[in-house]
Colleague: 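Here it is, the structure, as structure tokens.
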Amino acid sequence: MSLLFDTIESGRDLARQDLIDILNLTDENDLKRLFKAAYEIKLKYIGKRVSLRGIVEISNKCRKDCFYCGIRRGNVKVERFELTRKQIVDGLLTAFNFNYGSAVMQGGERTDENFIEMIESILKEVKERTDGRLGITLSLGEQDETVYRRWFEAGAHRYLLRIEASNPELYKKLHPADHKYDRRLECLRSLQRVGYQTGTGVLIGVPGQTVEDLADDLMFFKKMDIDMIGMGPYLVHPDTPMAQEFPDFEHKRKDQLNLGLKMLAAARLLLKDVNLASTTALQALDPLGRELGLLAGGNVIMPNVTATEFRPGYQLYTGKPGLDENSEQSRVALEKTIAKAGETIIYNEWGDSPHYFKRSS
Ligand code: 5AD
């Protein structure tokens, strides 16, 4: 054990086995020590700073059928919604008016030309109306490289596409046969070729996954030279096939939270200068989950700026927090808890990943 902490605290490069050992830690004092070490690395590479991205959940219509996800195509119980162009623009401008500096458009995957066109024109409009000052990230799934390029040229500069599981065998277990691992990987490469700051991530603690898989996920982020990580613990959605494979989920909430936090800490220790999101899934497991994530190495929080009436439609998992509050309430609540964690919010900056600039120089 002390050998592991020697490695962690000396800042030496972590090997795969160190990552596995980190993910296997259970003792509360060991966890505290781990999170503290990761926090120190965050201070060194990023500072005592948190960047915010206002997230607009634009639609829950999705062509994909992922076994874990509440808005999968096959879930007939969800009422489908789609924000209008104006509602999306308003959401993005809310993020701008809150001085968040940056916003994310996220939604179910669609690839029809109408949709592609609409995103492109929204990007152009919002860029213009904010004098180019609002940074815009997209999280709209797998698209052709030409589409990624169109959106990039229209003003998006970051893109999130989780690999979900870097082990192709596990990926197969989590998705129907026509959801191809290789295609997803190729999309990540396209995003990097086009010039996006590229983010990816995985589900943490999903049935069938081992700690070795998770260690390999972290090595995958490193090998792929990823700029941003968005990953969070898996949470059961009852109207999905995967729910059956995790019947005792309710008793495992604390374990899921801790596994999520250990992954954040390990990612910070391994990758050092990336943007690392402290995700809403952590908050779903513990009201202070996102703040704990900041203290375990995270430096990005994505507050919801979707209009309250549409929030219930976008439940990838149940127990998603903040469904009944408006964007202003989300903002105030978040500012308080971030201050409590002793961190400073960076306003009016894009909050780019320091890693990206090293990668591109
Ligand atoms: N639990 C946690 N995260 C989930 N996602 C989808 N379903 C779940 C779930 N049940 C994540 C996926 C996707 C992101 C938008 O939400 O990783 O990439």
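First listed ligand is number 1; within each ligand, the first listed atom is number 1. Quick caveat, the model's predicted, so the values are computed rather than measured.
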Colleague: Can you find a side-chain donor-acceptor pair between Asp213 and Thr210 that sits under 3.5 Å?
Modeller: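 Yes, side-chain donor-acceptor contact under 3.5 Å.
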
Colleague: Near ligand 1, which residues have a heavy atom under 4.0 Å away from one of its atoms?
Modeller: Tyr68, Cys69, Gln106, Arg162, Glu164, Leu203, Pro233, Tyr234, Leu235, Leu316, Tyr317

Colleague: Got a sec, which residues hit salt bridge (charged side-chain N to carboxylate O under 4.0 Å, His left out) with Arg311, two or more places apart in sequence or on another chain?
Modeller: none

Colleague: Scan side-chain atoms only and decide if Arg158 and Ser102 contain a donor-acceptor pair under the 3.5 Å cut-off.
Modeller: yes

Colleague: Which residues satisfy the salt bridge (charged side-chain N to carboxylate O under 4.0 Å, His left out) test with Arg133, sequence neighbours excluded?
Modeller: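 Expected list: none.
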
Colleague: Verify whether one side chain among Tyr45 and His355 offers a donor that lies under 3.5 Å from an acceptor in the other.
Modeller: no

Colleague: List the atom pairs, donor and acceptor, that lie under 3.5 Å between side-chain atoms in residues 229-247 and the rest of the protein, sequence neighbours left out.
Modeller:
| unit_1 | atom_1 | unit_2 | atom_2 | d |
| --- | --- | --- | --- | --- |
| His237 | ND1 | Asp239 | N | 3.1 |
| Asp239 | OD1 | Lys77 | NZ | 3.3 |
| Thr240 | OG1 | His237 | O | 2.5 |

